[in-house]
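Here is the structure we will look at, set down as structure tokens.
In what follows, every heavy atom counts, from backbone to side chain, and hydrogens, waters and symmetry copies are set aside. Order of the sequence lines sets the chain letters (A, B, ...), proteins ahead of strands, with each chain counted from 1. Predicted model only: the values in this text are computed from it and were never measured.
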There are 2 protein chains.
Amino acid sequence: MSDLLERLRGRGWRMTAQRRVVAEVLDGDHVHLTADEVHARAVTKLPEISRATVYNTLGELVTIGEVLEVSTDKRAKRYDPNAHQPHHHLVCGQCGAIRDVHPVGNPLADLPDTERFGFTVSGVEMTYRGVCPNCATA
Amino acid sequence: MSDLLERLRGRGWRMTAQRRVVAEVLDGDHVHLTADEVHARAVTKLPEISRATVYNTLGELVTIGEVLEVSTDKRAKRYDPNAHQPHHHLVCGQCGAIRDVHPVGNPLADLPDTERFGFTVSGVEMTYRGVCPNCATA
DNA sequence: ATCCTACGATGGACAATGTCTAAGTCAAGC
DNA sequence: GCTTGACTTAGACATTGTCCATCGTAGGAT
């Protein structure tokens with residue numbers, strides 16, 4: 001995703017230090033950060049960046065589809081930079097760890113017409129729940 | 001779920017007016033209410049009920065498995081009284097309407113061992129996304 | 001290279017949602 | 001009808017997110 005900056009430029013984004021830093025944070029560890037965690041990491045690289053800017057930038061990245069919002073069940077939304085490869089999530093109920101997973105099959109096809117109630121169905125998110133190996137032994 | 005009160009009594013719950021009212025609200029329309037909506041409805045039946053009590057009671061109901069928490073993507077968690085019949089959700093991206101749906105197949109079986117990373121996987125939530133008929137014509 | 005200007009950043013107030021605590025109240029057993 | 005500990009209450013507090021008026025600056029124009 002190091003060409004994220006290029007794609008943003010191509011969309012006519014003004015390339016500011018703040019946006020660069022947010023992109024760099026997301027490009028770092030491919031973990032699922034909350035907005036505040038993104039802000040915390042951004043601050044270490046650019047101390048004067050404001051919370052509002054981080055929220056704005058994340059919102060824009062979500063809107064254009066470069067980043068996905070994930071709501072597991074924690075209070076805060078998390079941001080998933082791995083938007084270009086479809087995947088689902090496996091969440092540890094104890095420690096909250098999140099892994100990307102790739103189930104087989106096509107869950108969209110598993111929803112019969114009679115269960116669609118006239119909706120135009122465009123996507124599906126799957127959240128597997130369990131306990132991670134760390135928490136299982138603890 | 002009208003025997004919910006019985007089940008709660010069986011668990012040693014003290015049966016207070018407040019808890020009865022919260023149970024009645026959930027037993028009403030089987031919609032997916034936020035905590036504040038539950039509180040708003042409870043207040044009409046018992047004006048002096050406090051927000052804290054509603055939150056406490058909902059939390060307890062979730063803990064004992066009588067009610068499910070649903071995080072679609074709105075800010076507030078929603079509470080789903082239909083906990084005894086497994087089901088998933090279909091959400092309208094425009095108006096936020098939620099329907100219960102029942103996909104065919106067993107999504108748990110669709111997660112290969114190699115994609116489980118040592119987790120003990122106990123469940124899965126599926127959230128289908130789309131546009132409801134109302135919003136599609138509007 | 002410098003100037004202009006619209007787009008983006010800032011910070012702080014505000015809003016929404018949820019949690020905690022100390023003190024008062026009451027359901028249920030005796 | 002007491003007693004007692006579980007339950008409720010009000011409101012302060014915490015967390016997460018949004019809005020707005022103002023300021024700064026990236027990038028094109030000169």
Side-chain angles (χ1 to χ4, degrees), chain A residues 4-25 32-64 66-80 96, chain B residues 5-25 32-43 45-64 66-80 96:
Chain A
L4 171 57
L5 293 177
E6 293 312 319
R7 291 203 296 280
L8 297 180
R9 223 187 300 269
R11 285 174 172 272
W13 272 35
R14 268 169 60 175
M15 196 41 54
T16 67
Q18 291 82 354
R19 288 175 167 178
R20 202 162 11 239
V21 163
V22 170
E24 282 173 16
V25 167
H32 303 76
L33 299 170
T34 64
D36 257 13
E37 286 164 353
V38 172
H39 179 237
R41 297 192 181 203
V43 162
T44 68
K45 304 186 183 212
L46 188 69
E48 68 275 23
I49 193 171
S50 80
R51 255 171 19 102
T53 298
V54 172
Y55 276 97
N56 287 342
T57 305
L58 287 172
E60 289 159 359
L61 287 167
V62 169
T63 299
I64 66 179
E66 290 288 347
V67 165
L68 294 178
E69 259 180 23
V70 181
S71 308
T72 59
D73 67 347
K74 299 298 184 185
R75 293 244 300 267
K77 289 184 233 171
R78 293 179 173 275
Y79 292 89
D80 184 342
Chain B
L5 293 177
E6 293 312 320
R7 290 204 297 279
L8 297 180
R9 224 186 300 267
R11 286 172 172 274
W13 272 35
R14 268 170 59 176
M15 196 42 53
T16 66
Q18 291 82 353
R19 287 174 168 181
R20 201 159 16 235
V21 164
V22 169
E24 282 172 17
V25 167
H32 304 76
L33 299 170
T34 64
D36 258 13
E37 285 163 356
V38 172
H39 179 237
R41 298 191 181 204
V43 162
K45 306 186 182 213
L46 188 69
E48 69 276 22
I49 194 172
S50 80
R51 256 169 19 100
T53 299
V54 172
Y55 276 99
N56 285 343
T57 305
L58 287 173
E60 289 160 359
L61 288 169
V62 169
T63 300
I64 65 179
E66 289 289 346
V67 165
L68 294 179
E69 259 181 22
V70 180
S71 306
T72 58
D73 66 347
K74 299 296 184 187
R75 294 244 297 268
K77 289 184 232 171
R78 293 178 172 276
Y79 292 90
D80 185 342

| query | 5'-most contact on DNA chain D: B:Thr53 or B:Arg14, nearest heavy atom basis? | reply | B:Arg14
| 5'-most by nearest nucleotide on DNA chain D - B:Glu60 or B:Arg75 | B:Glu60
Applying side-chain contact (heavy atoms from CB on, under 4.5 Å), name anything that partners [X], two or more places apart in sequence or on another chain.
{"X": "B:Leu58", "answer": "B:Val22, B:Leu26, B:Ala35, B:Val38, B:Val54, B:Tyr79"}
{"X": "B:Ser71", "answer": "A:Ser71, A:Asp73, B:Lys77"}
{"X": "B:Thr34", "answer": "B:Asp36, B:Glu37, B:Ala76, B:Arg78"}
{"X": "B:Arg20", "answer": "B:Leu5, B:Met15, B:Glu24"}

| said: Are B:Gln18 and B:Thr57 packed together at the side-chain level, in the sense that at least one heavy-atom pair is separated by less than 4.5 angstrom? | reply: no
| query | Given that B:Tyr79 and B:Ala17 both sit by DNA chain C, which one's nearest nucleotide is further toward the 5' end? | reply | B:Tyr79
| said: Using modelled atom types and a 3.5 Å cut-off, is there a donor and acceptor pairing between side-chain atoms of A:His39 and backbone atoms of A:Tyr55? | reply: no
| field | side-chain hydrogen bond (donor to acceptor under 3.5 Å, both in side chains) partners for A:Thr53, two or more places apart | value | A:Ser50
| note | Hits for side-chain hydrogen bond (donor to acceptor under 3.5 Å, both in side chains) against A:Arg51, two or more places apart or cross-chain, chain-then-number order -> none
| Heavy-atom contact window of chain A on DNA chain C, given 5' to 3' at under 4.0 Å | C:dA6 to C:dT19
| Bend angle of the helix from C:dA1-D:dT30 to C:dC30-D:dG1 from five-pair axes at both ends, rounded to 10°? | 30°
| task | Under the salt bridge (Lys or Arg N to Asp or Glu O under 4.0 Å) rule, collect the residues that match up with B:Arg9, sequence neighbours excluded. | result | B:Glu6
| message | List the residues meeting salt bridge (Lys or Arg N to Asp or Glu O under 4.0 Å) with B:Arg14, not counting sequence neighbours, and say none if there are none. | response | none
| task | Please work out if A:Arg19 contacts a base, only the sugar-phosphate, or nothing of the nucleic acid, heavy-atom cut-off 4.0 Å. | result | sugar-phosphate
| task | Walk along DNA chain D from 5' to 3' and tell me the first and last nucleotide with an atom closer than 4.0 Å to a non-hydrogen atom of chain A. | result | D:dT15 to D:dG27
